[in-house]
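The basis for the numbers below is simple: all heavy atoms, side chains too, and nothing from hydrogens, waters or symmetry mates. Residue numbers start from 1 in every chain, and the chains themselves are labelled A, B, ... in the order their sequence lines are given, proteins ahead of strands.
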Protein chains: 2
Amino acid sequence: MARPATRIASPESGDGAERMLQILSEAARLFATNGYDGTSMRDISEACGISKSLLYHHFTDKDEIFAKVTLGSTRELYHFVFDRLPADARPSERVRVFMTATGEYFQRYRWAWIASTTAFWNDPEQRRQKERMMWRDRYEGLIRTLIEEAIEAGEFRPLDVPLTGRLILSSLNWMHRWYKPEKGMAPPQIADAYCDMIFNGLVAPR
Amino acid sequence: MARPATRIASPESGDGAERMLQILSEAARLFATNGYDGTSMRDISEACGISKSLLYHHFTDKDEIFAKVTLGSTRELYHFVFDRLPADARPSERVRVFMTATGEYFQRYRWAWIASTTAFWNDPEQRRQKERMMWRDRYEGLIRTLIEEAIEAGEFRPLDVPLTGRLILSSLNWMHRWYKPEKGMAPPQIADAYCDMIFNGLVAPR
DNA sequence: ACATGCGCTGACCGACCGTTCAGTGCAAGC
DNA sequence: GCTTGCACTGAACGGTCGGTCAGCGCATGT
C-alpha cells in the first residue's frame with residue numbers, strides 16, 4: 001500500500017524510506033570524507049538534523065549503515081557497468097566502455113564510491129564484507145574477460161591479463177584522491193583519456 | 001657522547017633511540033593495517049611490549065607518531081627515487097627508473113608507505129600534514145618533469161603531462177590494495193611490467 | 001655513599017564512543 | 001473518541017579513547 005497523499009503535503013518531516021535514503025546519503029559522504037572510525041553516529045545524526053536514537057530506529061547498528069552504503073555501491077557499480085557494455089562492439093571498444101562507464105558511475109555516486117573503495121579490506125567483521133568482495137571480484141573478473149577477448153580477437157598484444165586489469169582498475173580507483181569536481185575534466189572524459197594512453201602507449205610512433 | 005659499552009650488554013632493555021625506532025615501526029604497521037582512528041595508543045604499546053605511558057615519554061602525542069611515520073616515509077621516498085635516477089640515461093629510461101625505484105621503496109618500507117598513502121588528505125590537523133604534502137608534490141613534480149623531458153626528446157608523443165603522471169602514480173599507489181608479498185612478482189618487477197604496458201600500449205602492432 | 005637522570009610503569013582523568021530504553025506526539029483505522 | 005502504530009527524542013549505560021602524573025628501579029658521575 002502506498003502512503004496516502006496527505007502525507008506528502010507534510011512539509012517538514014519525510015517518509016520513513018526517504019529518511020533512510022537521507023541517512024545513507026549523509027553517511028556515505030561522511031564515511032568517504034573521514035573514514036569509518038572517523039565518523040561517529042553523532043556526526044551522521046547531526047548531518048541529517050535528527051537525534052542519534054533515530055538512527056537505531058532505522059538501522060540495527062553502525063556496521064549496517066556502512067554495509068548498506070558500501071555493499072549497495074559495489075553491487076550497483078557492477079550492474080551499472082555491465083548494463084552499458086555494447087553487445088556487438090569490438091572487444092577493445094568494450095574495454096573502453098568499461099572504463100568510461102566506471103567514470104560515469106564515479107561522477108554520479110561519488111561519496112558511496114569513495115566510501116567503498118577506501119573501506120579497509122581486512123576488516124575483522126568479515127561476514128558483511130564478504131558479499132561486497134564478491135561483487136568486487138565479479139567487477140574485476142569482468143574487465144579481465146574483456147581483456148582476454150580483445151587479445152583473442154588480435155586487438156591486444158599477448159598480455160599478463162590480471163596485471164593489465166589491475167593497471168586499468170588502478171587508474172580508476174585512484175582518481176578520488178586527486179579529482180576535484182569543480183575543475184578540470186569530468187570523470188568519464190578522464191577515463192577516456194586514460195584509455196587512449198593505455199591503449200596506444202606513451203611512446204611516439206617511429 | 002656515545003653510550004658506554006656496558007649498556008649494550010644489557011640483553012632485554014633497548015636504548016632510547018632503538019625504542020623510538022621500534023615504536024615507529026610497529027605504529028607504521030598498525031596504522032597501515034587499521035588506519036589512524038582504528039589504531040589506539042594501547043595497540044601500539046602492546047605491539048611493542050611496553051606500557052602506554054612510555055609512548056608519551058618518547059613522543060608528545062599520537063599525532064606526532066603518525067606524523068613521524070608518514071612524513072618520514074614521504075620525504076625519504078622522494079630522495080630514494082631521486083638519488084637513483086641515472087643522470088646520463090635517455091628520458092624514457094629515467095621514467096622507468098622512477099617507477100621501479102618506487103616499487104623498490106614500496107618493497108622495503110611497505111608499512112610506512114601504506115600508512116602514508118592511505119592517510120586522509122583532508123585531515124583537519126593541517127599543520128603537520130603540510131610538510132608531507134610538500135614532499136608529495138615534489139615527488140609528483142619529479143615524474144612530470146621526466147615526462148616532459150621525454151616528450152621534448154621526441155621519445156613520447158605529445159601528452160597531457162599531469163594526467164600521464166597521475167596514470168603512472170595511480171598504478172604504483174594502488175598496488176598496496178592487492179599486493180601480497182608472499183606470492184607473485186616483486187614490486188620492482190611489477191612496476192617494470194606496468195612500465196612496458198604504459199610505454200608501448202595494449203594494442204597489437206599492425 | 002650519595003645525588004642525578006632516565007627508561008619505564010600503573011592508576012587515573014574527562015571526553016566521547018556505540019548502543020539502549022522509556023516515553024512523547026501525532027496520524028490512521030475502527 | 002479511543003486504540004494502535006510508528007517516527008522520533010533525551011537521558012543514560014558501560015566501555016574505550018587519548019592523555020596525565022607521581023613515582024619506581026637502576027646505571028651513572030662525583
Under 4.0 Å, counting only non-hydrogen atoms across every strand here, what does A:T39 touch: a base, just sugar-phosphate, or nothing?
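Sugar-phosphate, no base atom in range.
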Base, sugar-phosphate or nothing for B:S51? Non-hydrogen atoms, less than 4.0 Å.
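Contact class for B:S51: base.
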Name all residues meeting the salt bridge (Lys or Arg N to Asp or Glu O under 4.0 Å) criterion together with A:R138; count only those two or more places apart in sequence or in a different chain, and write none if there are none.
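Salt bridge (Lys or Arg N to Asp or Glu O under 4.0 Å) list for A:R138, sorted by chain: empty.
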Give a yes/no on whether any side-chain N or O of A:R19 is located under 4.0 angstrom from OP1 or OP2 of D:dC8.
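So the side-chain polar atoms of A:R19 do come within 4.0 Å of the phosphate oxygens OP1 or OP2 of D:dC8, strictly under.
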Verify the contact: side-chain N or O of B:H58 to OP1 or OP2 of C:dC8, cut-off strictly under 4.0 Å; return yes or no.
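Yes, because at least one side-chain N or O of B:H58 sits under 4.0 Å from OP1 or OP2 of C:dC8.
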So which nucleotide from C:dC8, C:dC17, D:dG19 ends up closest to the side chain of B:M41?
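Nucleotide nearest to B:M41's side chain: D:dG19.
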Among D:dC17, C:dT9, C:dT19, the one nearest A:K62 by side-chain distance
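Looking only at heavy atoms from C-beta outward on A:K62, the closest nucleotide is C:dT19.
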Both conditions, 6.0 Å and 45 degrees, for the charged tip of A:R75 above the ring of A:Y78: are they met here?
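Checked: cation-pi criterion not met.
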Using the ring of B:F98 (Phe, Tyr or Trp, six-membered ring only), decide whether B:R94 places NZ or CZ under 6.0 Å from its centre and within 45 degrees of its axis.
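No, a cation-pi geometry is absent between B:R94 and B:F98.
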Return the 5'-most residue of the pair A:T60, A:D43 with respect to DNA chain C, ranking by each residue's nearest nucleotide.
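Comparing both residues, the 5'-ward one is A:D43.
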Between [N] atom [atom2] and [X] atom [atom1], what is the distance in whole Å?
| X | N | atom1 | atom2 | value |
| --- | --- | --- | --- | --- |
| B:K52 | D:dC17 | NZ | P | 8 Å |
| B:I44 | D:dG19 | CD1 | P | 10 Å |
| A:F66 | C:dG18 | CZ | P | 13 Å |

Would you kindly compare A:S53 and A:H57 by the position of their nearest DNA chain D nucleotide and give the one closer to the 5′ end?
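Looking at DNA chain D, the more 5' nearest nucleotide goes with A:H57.
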B:E140 with B:R144: basic N within carboxylate O range, under 4.0 Å:
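Salt bridge flag = yes for B:R144 with B:E140.
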